[in-house]
Amino acid sequence: MAQDCGRQYERVAEIGGGAYGTVYKARDRQSGQFVALKSVRVQTDQDGLPLSTVREVALLRRLEQFDHPNVVKLMDVCATLRTDQETKVTLVFEHVDQDLKTYLNKAPAPGLPPERIRDLMHQLLHGLEFLHSHCVLHRDLKPENILVTSRGQVKLADFGLARIYSCHMALTPVVVTLWYRSPEVLLQASYATPVDIWSTGCIFAEMFRRKPLFCGDSEVDQLRKIFDVIGLPPEEEWPADVTLSRSIFIPVSPRPITKCVPEISQLGADLLKEMLTFDPLRRISALNALSHPYFQEG
Amino acid sequence: MSDVQLSSSALERTAARRTFPLHARTGACRSLFGPVDHDELAREMKSKLREISERDRRRWNFDFDTDTPLRGQFEWEEASVDAVPVFYRDSVQRGKARIPVAALPRGSRDCSGREAGALSRVSSPEATGARSAELNRENRAEQLNSGKPQRRALVCIPRKRASTGDLSSSRISDYFGKKKRTSETKQGTSPVPVPLEQTPRKRIR
């Protein structure tokens, strides 16, 4: 096993004792707005910056032209050549000082008021619908990469080039990202925009619960925890060509979602069920979710 | 007459040999605009890059090269990463994998030595060969979660390409339809590949 690891992996960086250094942020003296820098070091070869990176920057800039209120603003992309093998791409983003995770943690005791949750959800789906309509999948939606401004505006971040892979999380026994992962991704079946809706559903439940809905510690464990709530899907819904067999899971019937999220309204529970549908083809789309009666209630 | 033709074609070949990289040097290579002065091209590129960097530097009053704030419209400050959302953390991208930068104090000018050391490991010849490795946290997560032993304190980048069906690639542009190669090659009567350095132009009938 160790030998295997030696062949297949190589050491790229050592992880320090928890300190991650600093981030540069600035206030525009004219507008009063804040910006923050995020740099991505891209490995290059004799052909320079990989074409895919160039394409990705172009795409991020194209999305930027729409100036969507629920997507974090990318103000500039500055590239500097560091060495022959490396280019530093610095992304200048608008600075938002908290993410949804902090926002939920800071919410006082009974949790967020239902109207606040409805507003956050509406904005989140609005941003997601924008990305999906431009054929962009987020694929890693979680409270850490949903920014919430001091005025309560939701901004999706961390898709495309700006995505980070935290080694900190990878080395922690509990890998947070699994918790928002859809069954088709966990099963390594084909996937598309519904993966983001699944994550949104998990986040929706978390807004009420103030703790994650499914906290698996491996792919199989994650699936088990999901089926404990939504029930084991019927044989005909199980995707073909996946390595995990349906038979390794104990047949359980679905539990009412209100058991896990008691604070949710009837219409909210209905929307949540539509989002946490096993079959990605039957899962509600961002566009349809926006016109769900839940958003008309109250 | 035939002598002239011969020598001109020989000249073309020589030019092609100087102009095109080894893999493109086939009999079909023709240099239509004479040999390329690579040194001049490199100089022009460098000066253009400097121009762009200078523009960025002035726009943000920030030296992106050395991570140094300058005086100007923007009032820069260094914030601890714990005080800002995780999203703003720096990262390193190698192939399709992206990992955050760990524990290196930013802004210190002399950090280049240490960083270069860390990075030369990343970009060793064998690493460049594996530049298409497109594995990332997901896959590492699998390793972690499958209960296999692993060394702590190390970030491992799997070198093998993952199956295309999984989540490992991080590019949003992957979801866009692949652009077809220029149709010029198909249009022409001869299957001559269009050299990269040739100015694309319409055929005159």
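The structure displayed is predicted, hence computed values, not measured ones. Residue numbers begin at 1 in each chain, while the letters A, B, ... track the order of the sequences.
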Indicate the atoms forming the closest heavy-atom contact of B/Ser80 with A/Thr22, along with that distance. CA-CG2, 4.3 Å
From CZ (B/Phe87) to CG (A/Asn145), nearest 0.5 Å: 8.5 Å
One should read off an interatomic distance between A/Arg27 CZ and B/Glu75 CD, to the nearest 0.5 angstrom, of 5.0 Å
With only heavy atoms counted, which part of A/Ala79 is less than 4.5 Å from chain B, the side chain, the backbone, both or neither? backbone
Provide the closest heavy-atom pair for B/Asp65 versus A/Lys88 in the form atom of the first, atom of the second, distance. O-NZ, 4.3 Å
Closest non-hydrogen contact found for A/Val23 with B/Val84 is CG2-CG2, 3.7 Å
Chain B heavy atoms under 4.5 Å from A/Asp99: which part of the residue, side chain, backbone, both or neither? both
Mind checking ring-ring contact (aromatic ring centres under 6.0 Å, His included) for A/Tyr103 and listing every partner two or more places apart, or none if nothing turns up? none
Taking the side chain as everything from C-beta on, heavy atoms only, tell me whether B/Phe62 gets closer than 4.5 Å to A/Thr90. no
Just say parallel, tilted or perpendicular for the rings of B/Tyr88 and A/His95, cut-offs at 30° and 60°. tilted
Got A/Leu37 and B/Trp76 here, is their nearest side-chain heavy-atom distance under 4.5 Å? yes
Approximate separation, where rounding is to 0.5 Å, of A/Cys78 SG and B/Ile52 CD1: 10.5 Å
If we ignore hydrogens and angles and just use 3.5 Å, is the side chain of B/Arg59 paired with the main-chain N or O of A/Asp76 as donor and acceptor? no
Part of B/Arg57 lying under 4.5 Å from any heavy atom of chain A: neither
State whether the side chain of A/Lys25 and the backbone N or O of B/Glu77 hold a donor-acceptor pair below 3.5 Å, judged by distance alone. no
Please identify each residue that fulfils ring-ring contact (aromatic ring centres under 6.0 Å, His included) with B/Phe74, with sequence neighbours left out. B/Trp60
Which bit of A/Val220 comes within less than 4.5 Å of chain B, counting heavy atoms only: side chain, backbone, both or neither? neither
